[in-house]
2 protein chains.
Amino acid sequence: MYDKERAKSSVYFTFGISVDCVVFGFDGSHVKVLVIKRGMEPYKNFSAIPGDLVLEREDPLDAIKRVLNELTGLKDIYLEQLKAFAGVDRHPLGRVVTIAYYSLIKIDDYNPNPSSWATDAKWASIEDIDEMAFDHFEIFTEALTRLKERVRLKPIGFELLPEEFTLAQLQHLYEKLLGKTFDKANFRKKILGMDLLFPLEKLQKAVKHRPARMYRFDPSRYADLTKRNFHFEL
Amino acid sequence: MYDKERAKSSVYFTFGISVDCVVFGFDGSHVKVLVIKRGMEPYKNFSAIPGDLVLEREDPLDAIKRVLNELTGLKDIYLEQLKAFAGVDRHPLGRVVTIAYYSLIKIDDYNPNPSSWATDAKWASIEDIDEMAFDHFEIFTEALTRLKERVRLKPIGFELLPEEFTLAQLQHLYEKLLGKTFDKANFRKKILGMDLLFPLEKLQKAVKHRPARMYRFDPSRYADLTKRNFHFEL
DNA sequence: ACAAAAGTGTTACACGTACACCCATGA
DNA sequence: TCATGGGTGTACGTGTAACACTTTTGT
């Protein structure tokens, strides 16, 4: 994305604002991040976080929504600002202030389609990330840390699952995210006890064992509970 | 602090980076914020958060440390970035990206001295803050929200107390910060059970009741425990 | 009938809550 | 000796941890 800078006036190089977004997904087994492969110098062939420069009269939040929409075709994605990265020499071609976001998407909603877009994006497991262009590895690391903190205190894990999911899927997600295991029975009791999940009649299909019940997160229920001084915690 | 912009070249107005810091303190009874009174338009006579423009080749973290040092004379203050505020029209004189921080200081270390500095800064109780210049009220609100979250999960409350403090002071602080009351006996058991506080021989003095024991937070102890997978939580 | 995962019940124990009580100091 | 807040012990209930067990499906 920074490649575009080359085409722009040098005013942007002396002082640019960009937005980058760490996009998380979950494929049922691993927590994933969306990375793109840079096609140009600097950092040619390095992995990078998707992003773009912010236009002169553009709100950064609009800018990052634009980037995400162009990349994935999705709207109304869960999105939160992480922090700004603004060191003097983070970009070799001139000073750039980057406002970093992270977002959570349902992985089924976006399959990187190599032919659809110029940048080739793909999902990478978070354990496999090692080096990245610029200070993107640092951004990724901080985003992951923040996600781990947030997911314990806010019911945002559901953003990474399909609309309808089983409790086993949910448990698996939390186990991967928090890096520990839960007892099945206790996990169910705790999460169902919160009264945040709406049980559906629908059952899992085409599994070679007893099919699990599907659930749906009920945001209005959560809003109600919040007013009554309820605090999600896992 | 924005007043300085007037003296600078218009390049900064078309695109400036500034740093602002929400400085918290605790006087034993109330959580306080350091506010300055603006002496010039725009927002003349409004309260504002201390801050300044970032120089062309200055790291924002250095910039905010500079501002805090100029204002309070202190160094090595607890400091954390909140987030960036970068809306297009937040500043009437031109686009400014503000990186907001918050910091915690021991209130005894800084008494606003009206004669010592041009800007007159003073401590205000967080309940009394209502309106501020620019979007500073929003910045303040978000900083406070973040502080409330952080203080539950990280042992940073001590940054707001003197080096040596009593358990009653600590309890009071948490009660004001989290907006609830704790049972004295249970609070002590919990906090002392964490093994983070070093009990001193010293006792409280000149109080007209039984003097309380003084404690000191032990950061090295905390570092140790963290390695053993301990997680602070209150 | 078997494997595999869903789903439930039971018990022991740790921890939070509530509250009563004693202690040390200044006036 | 009284008022004030420091400091501690205990009893009770709730919630978490551990684990065994039953259920339902596909092969």
Side-chain angles (χ1 to χ4, degrees), chain A residues 26-29 151-153 155 161-162 164-176 178-216 225 228-234, chain B residues 26-30 151-153 161-162 164-176 178-216 225 228-234:
Chain A
F26 181 64
D27 70 0
S29 308
V151 87
R152 277 194 55 225
L153 302 176
L161 293 175
E164 304 179 347
F165 52 86
T166 70
L167 290 183
Q169 284 179 287
L170 186 64
Q171 181 179 340
H172 228 101
L173 169 62
Y174 277 108
E175 287 180 339
K176 288 295 174 181
L178 301 179
K180 64 172 178 177
T181 57
F182 294 93
D183 178 271
K184 189 182 20 150
N186 300 330
F187 182 83
R188 317 188 131 242
K189 272 180 279 187
K190 185 161 188 173
I191 207 86
L192 290 178
M194 291 182 189
D195 236 33
L196 289 173
L197 299 187
F198 190 83
L200 305 172
E201 294 313 316
K202 201 181 300 187
L203 298 182
Q204 224 178 3
K205 275 207 275 198
V207 282
K208 66 167 190 267
H209 57 267
R210 176 176 173 179
R213 177 178 295 279
M214 310 290 284
Y215 290 84
R216 182 186 280 277
L225 290 172
R228 287 171 209 146
N229 212 21
F230 162 84
H231 287 279
F232 180 90
E233 180 161 348
L234 206 128
Chain B
F26 180 63
D27 68 0
S29 308
H30 297 276
V151 88
R152 278 196 54 225
L153 301 177
L161 294 175
E164 304 179 344
F165 51 86
T166 69
L167 291 182
Q169 284 179 289
L170 185 64
Q171 182 180 340
H172 228 101
L173 169 62
Y174 278 108
E175 288 180 344
K176 288 294 173 183
L178 301 179
K180 65 172 180 177
T181 57
F182 294 93
D183 178 89
K184 190 183 16 152
N186 300 330
F187 182 82
R188 315 187 132 243
K189 269 181 283 187
K190 185 162 188 173
I191 208 85
L192 290 178
M194 292 182 190
D195 236 33
L196 289 174
L197 299 187
F198 190 83
L200 305 172
E201 295 312 316
K202 201 181 298 188
L203 299 182
Q204 223 178 2
K205 275 207 272 197
V207 282
K208 65 168 191 271
H209 57 267
R210 175 175 174 180
R213 178 176 296 277
M214 310 291 285
Y215 290 85
R216 182 186 281 276
L225 291 172
R228 286 170 209 147
N229 211 22
F230 162 85
H231 287 280
F232 181 90
E233 179 161 351
L234 207 130

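Side-chain atoms are counted along with the backbone in the values below, which use heavy atoms only and exclude waters and symmetry mates.
- If you measure from atom NZ of A:Lys180 to atom C1' of D:dT16, you get 11 Å, rounded to the nearest angstrom.
- Between B:Lys180 and B:Glu175 there is no salt bridge, since none of the side-chain N atoms of the basic residue sits less than 4.0 Å from a carboxylate O of the acidic one.
- Listed by first then second residue, pairs satisfying salt bridge (Lys or Arg N to Asp or Glu O under 4.0 Å) with a partner in residues 187-202 of chain A read A:Glu164-A:Lys202, A:Asp195-A:Arg221, not counting sequence neighbours.
- The number of heavy-atom neighbours closer than 6.0 Å to CZ of B:Phe230, taken from other residues, nucleotides and ligands shown, is above 12.
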Which protein N or O atoms sit under 3.5 Å from an N or O of nucleotides 8-15 of chain D?
residue : atom : partner  : partner atom : Å
D:dT10  : O4   : B:Lys189 : NZ           : 3.0

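- Checked by atom type and distance alone, the side chain of A:Arg152 never pairs as donor or acceptor with a backbone atom of A:Glu233 at under 3.5 Å.
- Taking every side-chain heavy atom of A:Pro211 into account, D:dT25 is the closest of C:dA6, D:dT16, D:dT25.
- Remark: P of C:dA24 and CZ of B:Arg210 are 5 Å apart, rounded to the nearest angstrom.
- Between A:Val151 and A:Leu173, the closest side-chain pair of non-hydrogen atoms is not below 4.5 Å.
- Among residues two or more places apart in sequence or in another chain, the salt bridge (charged side-chain N to carboxylate O under 4.0 Å, His left out) test is passed with A:Asp27 by A:Lys32.
- Summarising the geometry, the separation between CG on A:Leu203 and P on D:dT24 is reported as 11 Å, rounded to the nearest angstrom.
- The separation between B:Leu167 atom CG and D:dG5 atom C1' is 13 Å, rounded to whole Å.
- The interatomic distance linking A:Gln169 (CD) with C:dG7 (P) rounds to 11 Å, in whole Å.
- The interatomic distance linking B:Glu233 (CD) with C:dC15 (P) rounds to 13 Å, in whole Å.
- Counting to the nearest Å, the P atom of C:dA5 and the CD atom of A:Gln171 are 13 Å from each other.
- Between the CZ atom of B:Arg213 and the P atom of D:dG7 there is a distance of 7 Å, given to the nearest Å.
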